Every structure is written in C-alpha cells, then in structure tokens.
Amino acid sequence: MNNVAVLGATGSIGGSTLDVIARHPDRFRATVLTAHRNVEALVALCVQHRPQLAVIADAAMQAELARRLRAAGVHCEVASGHAAVTAAAASNLCDTVVAAIVGAAGLASTLAAARAGKRLLLANKESIVMAGPLLLDAVNRGGGALIPVDSEHNALFQCLPPQCLPGQQPALRKGGVRRLILTASGGPFRGRTRAQLADITPEQACKHPNWVMGRKISVDSATLMNKGLEVIEAHHLFGAPADAIDVVVHPQSLIHSMVEYDDGSVLAQLGNPDMRTAIAHALAWPERVEAGVAPLDLTACAPLQFEPPDLLTFRCLALAFQALREGGDAPAVLNAANEIAVEAFLAGALPFLSIADVVEAVLAELPAQAVVDVESLCERDRVAREAARRILRNAC
Ligand code: NDP
Ligand code: MG
C-alpha cells in the first residue's frame with residue numbers, strides 16, 4: 001500500500017489526484033490532505049477519503065475545521081499553519097507526496113518532502129523554478145525520487161531513455177538526446193494581436209480552451225508565462241541548456257511534449273488533455289494504472305497543428321528564457337514578480353498586457369545573484385515581491 005500526502009488537495013491537481021487514488025484503493029491511500037482556507041472542500045474530501053491527518057494552512061481556520069470534521073463523523077488528526085503543512089510533507093504518515101500547492105507557497109513543503117526522502121510527485125512548478133539546484137540536491141541527499149506531474153515534463157520523462165531520471169544527470173549527454181520540444185496550447189488568446197489583448201478580463205483569461213485548471217496557472221497559460229516556467233522546469237529536471245529547449249504551439253493539446261534524438265528520431269507522448277494521465281503515470285511509475293481517461297480517438301481529432309510561439313505579443317515566454325540564460329536567482333525573481341502581477345490582474349488592478357511589464361521591470365531592477373541557500377533565496381523572493389508591488393503602485 002502506498003500512503004500518499006496530497007498537498008493542495010482542494011485544488012485542481014489535488015482533485016484529479018484523489019480521483020486516481022480512489023480508483024485504486026488496494027494500491028494507494030490518501031493519508032494526508034492539506035488546504036489553504038477552503039475548509040468546506042477539505043471536509044468533503046476527508047469524508048470521502050478518510051485520511052489520518054488533515055491540515056489547514058491558515059491557522060485561523062483550525063477550530064472550524066475540527067468542528068466540521070467532528071460533525072461529519074471524521075476522527076482524523078487535525079493540524080494548522082504553514083509549518084504543519086511542511087511537517088506533514090516529511091511525516092511518517094506518507095511515502096509519496098503530491099506537491100500541488102500553487103505558487104512559491106509550495107516551496108517549503110516540497111523541499112521538506114525531498115529532504116525526507118519521499119517519492120515526490122511535483123506539480124508545483126514554481127518551487128523548482130525558484131530553487132532548482134537546491135531542490136534537486138535535497139532529492140538526491142534525501143534518497144527519494146522526483147517524478148514530474150506537469151504534463152509536458154511527464155511526457156518528456158516518458159520519451160527520454162530509461163536511465164534519464166529527473167534531476168539526476170544531464171539527460172542530453174546520455175542516450176543521444178538532442179532537443180526537448182515543449183508543446184504549448186497557445187492559451188485562450190492564441191493568434192490575437194497586442195491591441196486585441198488590451199481589455200482582457202480575468203474571466204476571459206481563466207477560460208482555457210483545453211484544460212480546466214486553477215486561476216493562477218490559467219492566467220500563466222494565457223500570458224505564456226506558464227510555458228516559460230516550464231522551460232526553466234525542464235532545464236532543471238533534465239539538465240538541458242536553454243538552447244536545447246524549444247517551444248512549439250500545438251493548439252489541440254494532444255501531444256504533450258517531444259524528445260528529439262541525434263539520429264533525427266522524435267518521440268512524442270500523446271493523450272487526451274486530462275491531468276489524470278500524468279498523475280496516474282507518476283503515482284504508479286514504473287508500472288501503469290488505469291486513470292479514468294477516455295481513450296484517444298485520433299480519427300476524431302482535428303488535423304494536428306503546429307506553429308511557432310508569438311514572442312512579441314506573449315512577452316512573458318521571452319522573459320522566462322531571458323531569466324534562464326541570466327541564471328542564478330533570476331528565475332526566482334521572475335516567478336515572484338509574476339505571482340504579484342497575476343494577483344493584481346486577477347483583482348482587476350492591472351491590465352493583462354502589463355503583467356509582462358511588471359516582470360520585465362523587476363528583472364531589470366534585480367540583476368541575477370548566485371543562489372546560496374534557501375534562506376537567501378526566500379529573502380530575494382521577498383525583495384522581488386516588494387519591488388513588484390512598488391512598480392504596481394507607481395503605475396496606478
Ligand atoms: P489550484 O488553485 O486549483 O489549487 C491550489 C491548491 O493549493 C489548493 O488546495 C489551495 O487551497 C492550496 N493553496 C493555495 N495557496 C496556499 C498557501 N499559501 N498555502 C498552502 N496551500 C495553499 O491550483 P492548481 O491545482 O491548478 O495548481 C497547483 C500547482 O500545480 C501549481 O503550481 C500549478 O502550476 C501546477 N500545475 C497545475 C496544472 C493543472 O492542470 N491545474 C497542470 C500542471 C501543473 P485552498 O483550496 O484552500 O485555497
Ligand atoms: Mg504543463
């Protein structure tokens with residue numbers, strides 16, 4: 001039996017993970033569930049999955065969580081606060097940790113799971129973007145494994161030679177790999193001009209054509225920052241330099257990514273756009289389990305299209321490549337500025353196109369420094385957020 005902690009259980013990835021787990025009660029058990037503030041959803045999940053521990057990150061909600069769980073007849077342990085989420089990730093209650101908290105808020109618990117030698121299923125891409133080398137070092141020292149859940153990286157993992165374990169050795173030097181090709185749907189605004197993007201609302205940005213996701217990643221998909229974060233994630237996971245990572249827009253989202261080899265072979269992983277495939281692969285690897293995903297009917301698919309990304313309209317992708325090439329803590333600065341800008345956009349306080357302006361201004365203000373340790377990285381994250389907030393205030 002594999003005991004699984006689902007961090008961010010009430011989110012989109014959390015829900016898909018619990019759906020896969022529930023299909024295999026003889027194999028997986030959700031022993032730890034965490035949420036931020038959504039007590040109602042967490043209680044409903046506890047009723048269904050009967051974990052041993054439920055954690056609410058917002059400590060002010062602990063009493064309400066305990067009361068509602070009692071009323072629902074659930075008698076699990078209850079904890080609260082961010083430190084409790086981190087402790088849960090390293091606890092003996094789980095062998096596997098699904099890191100599905102959104103944003104930099106997921107870094108501490110992701111690192112804790114890695115240090116504790118858990119099998120770490122990584123959805124929380126922001127943590128590897130921020131702290132790539134530190135996270136990989138923690139995985140290697142902890143003696144566990146890192147398995148990508150992000151669909152593109154899960155696809156790359158499936159297409160790479162079997163000796164290319166994420167985070168262990170530069171993949172490109174092994175097995176004759178020449179190039180990693182990340183596919184991007186292009187988001188809801190593919191093909192639009194800058195002028196057509198001036199008045200985009202949060203609701204429009206969150207309406208992704210192919211995937212149902214949380215609001216932050218939906219906006220990142222619309223700006224193409226999500227693909228930028230994924231380029232950095234691929235660099236860390238598979239040891240690929242920026243020049244060996246390409247992005248191609250593929251609006252049908254059926255090919256989830258590709259690996260090109262020296263002999264010209266290109267291997268692709270295909271599937272319907274449903275995160276349960278990647279999650280099931282990561283949960284069961286190296287075996288395979290049923291995920292509840294409809295079989296892919298290629299004869300019913302529209303012709304598959306491919307086009308280059310429009311880096312002038314969707315500048316966030318270019319900024320992410322820039323941060324990756326700068327190296328050091330530039331990706332962490334990029335991520336922090338983006339989180340603040342997206343928050344402001346979702347609150348109606350920043351135009352869609354200005355998300356890239358804020359990120360660019362913060363990157364210009366904070367030239368890359370070497371990453372020393374987690375503490376200095378978190379301090380840098382704080383400074384970058386402060387800079388982004390100041391730029392936002394001055395812009396209004
Ligand atoms: P959601 O917004 O749907 O869910 C986020 C989860 O994290 C919720 O459980 C939320 O709790 C919790 N959370 C939010 N803030 C905090 C915090 N400060 N402390 C502790 N917990 C917190 O996000 P998604 O599921 O869409 O995305 C999760 C991660 O997975 C992101 O990093 C995203 O980039 C990545 N990812 C997502 C994909 C998708 O298809 N959705 C695909 C690939 C990667 P509460 O409900 O209480 O607010
Ligand atoms: Mg992805």
Side-chain angles (χ1 to χ4, degrees), residues 5-19 32-46 54-61 64-65 79-86 88-89 98-110 112 121-130 148-157 182-187 206 208 210-221 223-234 237 247 250 253 255-257 269 271-279 282 335 338-339 342-343 346:
V6 185
L7 313 181
T10 48
S12 163
I13 292 288
S16 296
T17 302
L18 289 166
D19 181 276
V32 177
L33 300 180
T34 84
H36 186 208
R37 294 202 176 104
N38 194 341
V39 170
E40 197 176 328
L42 183 57
V43 170
L45 293 175
C46 290
V55 186
I56 192 91
D58 184 342
M61 315 294 273
E64 191 186 341
L65 175 61
S80 71
H82 294 283
V85 176
T86 304
V98 180
I101 289 173
V102 60
L107 177 62
S109 51
T110 302
L121 273 51
L122 186 70
N124 175 231
K125 66 191 79 181
E126 294 89 347
S127 60
I128 193 164
V129 167
M130 285 178 75
V149 165
D150 210 349
S151 58
E152 294 76 4
H153 307 78
N154 185 269
L156 293 174
F157 179 37
L182 293 177
T183 52
S185 69
C206 287
H208 195 279
N210 305 337
W211 300 94
V212 181
M213 307 180 287
R215 283 167 77 75
K216 191 263 178 182
I217 185 176
S218 295
V219 176
D220 285 347
S221 297
T223 60
L224 290 202
M225 179 58 93
N226 182 52
K227 210 48 54 183
L229 299 177
E230 291 181 353
V231 167
I232 299 169
E233 183 181 7
L237 284 174
V247 172
H250 162 48
S253 295
I255 295 180
H256 300 303
S257 278
Q269 187 260 351
N272 281 318
D274 186 323
M275 285 306 295
R276 289 177 301 176
T277 296
I279 291 166
N335 179 67
N338 181 59
E339 286 193 26
V342 170
E343 210 175 273
L346 283 171

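Keep in mind the model is a prediction, meaning the values are calculated, not measured. Order of appearance sets the numbers: ligands from 1, and atoms from 1 within every ligand.
- The closest side-chain heavy-atom distance from V32 to V6 is not below 4.5 Å.
- Distances from the Mg ion (ligand 2) to each N, O or S atom of E230 single out OE2 as the nearest.
- Between S127 atom OG and L107 atom CG the span is 6.0 Å, to the nearest 0.5 Å.
- Here atom 12 (C) of ligand 1 lies nearest to H36 when heavy atoms of H82, H36, E233 are compared.
- Taking only nitrogen or oxygen atoms, main chain and side chain alike, V212 does not reach within less than 3.5 Å of ligand 1.
- In E152, the N, O or S atom that comes nearest to the Mg ion (ligand 2) is OE1.
- The shortest separation from a heavy atom of A100 to ligand 1 is under 4.0 Å, placing the residue in contact.
- The N/O atoms of S12, backbone and side chain alike, include one that comes under 3.5 Å of an N/O atom in ligand 1.
- For the side chain to side chain donor-acceptor pair (under 3.5 Å) with E152, the qualifying choice from H256, K125, K227 is K227, the only one to do so.
- Side-chain contact annotation: N154 with S151, donor-acceptor N/O pair under 3.5 Å absent.
- For a threshold of 3.5 Å applied to N or O pairs, the pair formed by R215 and ligand 1 contains no separation below that value.
- Contacts with ligand 1 closer than 4.0 Å are made by side-chain heavy atoms of I217 only, the backbone lying farther away.
- Looking at ligand 1, you'll find an N or O of G11 within less than 3.5 Å of one of its N or O atoms.
- Residue contacts with ligand 1, taken as heavy atom pairs separated by less than 4.0 Å, do not involve K216 at all.
- Note: no N/O pair closer than 3.5 Å links G14 and ligand 1 by distance alone.
- The proximity of A57 to ligand 1, defined as any non-hydrogen pair under 4.0 Å, is limited to the side chain.
- With no hydrogens or angles considered, no side-chain donor-acceptor pair links H250 and S185 at under 3.5 Å.
- Distances from atom 30 (O) of ligand 1 to the heavy atoms of A105, A123, S218, A104 put A123 nearest.
- Other residues, nucleotides and ligands contribute only 12 or fewer heavy atoms inside 6.0 Å of the CD atom of E40.
- Within the set V129, L7, N154, T10, the minimum heavy-atom distance to atom 8 (C) of ligand 1 is found for T10.
- Taking the Mg ion (ligand 2) as reference, the nearest N/O/S atom within D150 carries the name OD1.
- At a heavy-atom cutoff of 4.0 Å, ligand 1 is contacted by both the backbone and the side chain of M213.
- Among V149, V6, I279, D150, the residue whose heavy atom lies nearest to atom 43 (C) of ligand 1 is D150.
- No donor-acceptor pair closer than 3.5 Å links the side chain of D58 to the backbone N or O of G81.
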Side chain to side chain contact (heavy atoms under 4.5 Å, CB included) between H82 and H36, worked out
CA-CA 9 Å; H82 294 283; H36 186 208; 4.3 Å; yes

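- The distance from atom CG of L7 to atom OG1 of T110, rounded to the nearest 0.5 Å, is 7.0 Å.
- Residue contacts with ligand 1: S151 is placed with no nitrogen or oxygen under 3.5 Å of a nitrogen or oxygen of the ligand (distance criterion only).
- In terms of polar-atom proximity, R37 is counted as a contact of ligand 1, with an N or O under 3.5 Å from an N or O of the ligand.
- When only interatomic distances are considered, the shortest N/O to N/O separation between I13 and ligand 1 falls below 3.5 Å.
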